[in-house]
Amino acid sequence: MDYSFNFQSVFRNIGPLWDGLWVTIELTLAANVVGLTLGFVLALLIMTRWAAVRWPFMLFVEFFRCTPAIVQIVWFFYCVPMLFDVFLGPMTMGIMALGLNLAAFNAEAYRASIQAVPREQLDAGVALGLNPFQRIAYIVLPTAVRNSIPVLLTNGIGIFQQSALVAIVAIQDLMYQGKTLATQTYRPIETFTIVALVYFAVSFPISQIVGYLERRRELMAS
């Protein structure tokens with residue numbers, strides 16, 4: 001291979017990459033807020049005993065879990081305005097698409113954790129006179145969140161990585177800026193190598209935290 005690597009041309013114009021990284025982080029944080037809150041609500045709804053309530057939300061969760069994220073993003077950007085006459089900013093649409101996708105996966109994580117809540121704790125809540133909402137807020141929610149933290153963090157990392165897909169709809173995230181810089185500098189190998197390293201530098205520490213939490217949880221359970 002006689003290719004001559006030259007990272008200097010990329011480093012001299014790296015400013016847009018940092019701007020794109022902040023957009024990616026904003027997308028990820030906002031999508032996680034949506035995914036964490038809506039995911040818990042969905043978990044409760046799909047666990048209700050009323051089939052008329054349960055089945056529509058189960059279908060919602062399975063749709064977002066079983067279709068590619070890139071299709072969901074494109075659908076939101078091009079179909080929602082045409083079908084519902086709703087026109088939102090690109091960032092808002094990106095947050096909605098990523099947030100709903102994350103909520104579907106988080107709902108399953110929450111559901112498994114809710115099912116693991118000891119029955120004795122719920123019975124104790126009834127004995128103390130707590131109403132259903134108070135039992136959810138003070139018993140189910142804290143336990144479910146604590147038990148599902150490793151999975152929620154893993155899902156959060158996944159959304160950070162999947163956020164690169166919004167570049168196809170011209171949101172100026174890290175991937176979009178990387179594509180632009182590669183075109184301007186004629187250095188795609190160097191540019192996308194740096195982009196990949198940035199994604200790795202953000203994701204790797206969080207993945208190590210997830211591993212630590214998993215090991216700690218196993219030790220506490222043993």
Path from Leu197 to Phe160 over hydrophobic side-chain contacts below 4.5 Å
no

The criterion is salt bridge (charged side-chain N to carboxylate O under 4.0 Å, His left out); which residues satisfy it with Arg119, sequence neighbours excluded?
Asp123

Candidate pair Asp19 and Val23, rule side-chain contact (heavy atoms from CB on, under 4.5 Å), full reasoning:
CA-CA 7 Å; Asp19 295 337; Val23 172; 5.9 Å; no

Heavy-atom side-chain contact between Gln172 and Pro16 under 4.5 Å:
no

Applying ring pair (Phe, Tyr, Trp, His ring centres under 6.0 Å), can you list everything that pairs with Phe204, at least two apart in sequence or on another chain?
Phe200

Given 3.5 Å as the limit, does a donor-acceptor pair link the side chain of Tyr110 with the main chain of Leu36, or not?
yes

Group every Ile, Leu, Val, Met, Phe, Trp and Tyr by side-chain heavy-atom contacts under 4.5 Å, then state whether Leu21 and Met91 land in the same group.
no

Measuring from Gln162:CD to Asn155:CG, what's the distance to the nearest 0.5 Å?
9.5 Å

If hydrophobic clusters are built by linking Ile, Leu, Val, Met, Phe, Trp and Tyr wherever their side-chain heavy atoms come under 4.5 Å apart, do Leu88 and Val169 end up in the same one?
yes

With heavy-atom distances below 4.5 Å as the criterion, would you say the side chains of Glu190 and Gln8 are in contact?
no

Examine distances only and state if a side-chain atom of Arg135 and a backbone atom of Leu130 form a donor-acceptor pair shorter than 3.5 Å.
yes

Any pair with a residue in residues 34-63 that passes salt bridge (charged side-chain N to carboxylate O under 4.0 Å, His left out), sequence neighbours left out, goes on the list, sorted by first then second residue, please.
Glu62-Arg65

If you group Ile, Leu, Val, Met, Phe, Trp and Tyr by side-chain heavy-atom gaps below 4.5 Å, do Val71 and Phe84 land in one group?
yes

Which atom pair, heavy atoms only, marks the closest approach of Ser163 to Thr28?
OG-OG1, 4.2 Å

Side chains of Lys179 and Phe192: does their closest heavy-atom pair fall under 4.5 Å?
yes

Can you tell me if Tyr186 has over 12 outside heavy atoms packed within less than 6.0 Å of its OH?
no

Can you get from Leu153 to Val151 by hopping between Ile, Leu, Val, Met, Phe, Trp and Tyr side chains that sit under 4.5 Å apart?
no

Could you list the residues that satisfy salt bridge (charged side-chain N to carboxylate O under 4.0 Å, His left out) with Arg111, not counting sequence neighbours?
Glu108

Roughly how far, to the nearest 0.5 Å, is the SG atom of Cys79 from the CG atom of Leu83?
6.0 Å

Minimal heavy-atom distance between Ser9 and Thr185, with the atoms involved, is O-CG2, 3.9 Å

Pro150 and Glu214 have their tightest heavy-atom pair at CB-OE2, 3.3 Å

Could you go step by step and tell me if Tyr176 and Asp173 meet the side-chain contact (heavy atoms from CB on, under 4.5 Å) rule?
CA-CA 5 Å; Tyr176 179 92; Asp173 70 326; 3.3 Å; yes

Rounded to the nearest 0.5 angstrom, the CG-CD1 distance for Leu122 and Ile136 is 10.0 Å

Between Leu174 and Leu17, which heavy-atom pair has the shortest distance, and what is it?
CD1-O, 3.4 Å

How far apart are the closest heavy atoms of Ala103 and Val34, and which atoms are they?
CB-O, 4.5 Å

Got a second to check how far Ile194's CD1 is from Leu181's CG, nearest 0.5 Å?
8.0 Å

Does the side chain of Thr143 reach to within under 4.5 Å of the side chain of Arg146, using non-hydrogen atoms?
yes

Given side chains that start at C-beta, do those of Leu44 and Thr48 come closer than 4.5 Å, heavy atoms only?
no

Looking at Phe7, I'd like to know if its CZ atom is crowded, meaning that more than 12 non-hydrogen atoms belonging to other residues, nucleotides or ligands lie closer than 6.0 Å.
yes

Once you round to the nearest 0.5 Å, how far does CG of Asn106 lie from CG of Leu42?
9.5 Å

Please list all pairs passing the ring pair (Phe, Tyr, Trp, His ring centres under 6.0 Å) test where one or both residues lie in residues 61-82, with sequence neighbours left out.
Phe60-Phe64

To the nearest 0.5 Å, what is the distance between CG (Leu98) and CG (Asn32)?
9.5 Å

Minimum heavy-atom separation for Gln121 to Val117, with atom names?
OE1-CG1, 4.0 Å

Can any side-chain N or O of Gln177 pair as donor or acceptor with the backbone N or O of Trp18 at less than 3.5 Å?
no

Phe105: which residues meet the ring pair (Phe, Tyr, Trp, His ring centres under 6.0 Å) condition with it, sequence neighbours left out?
none

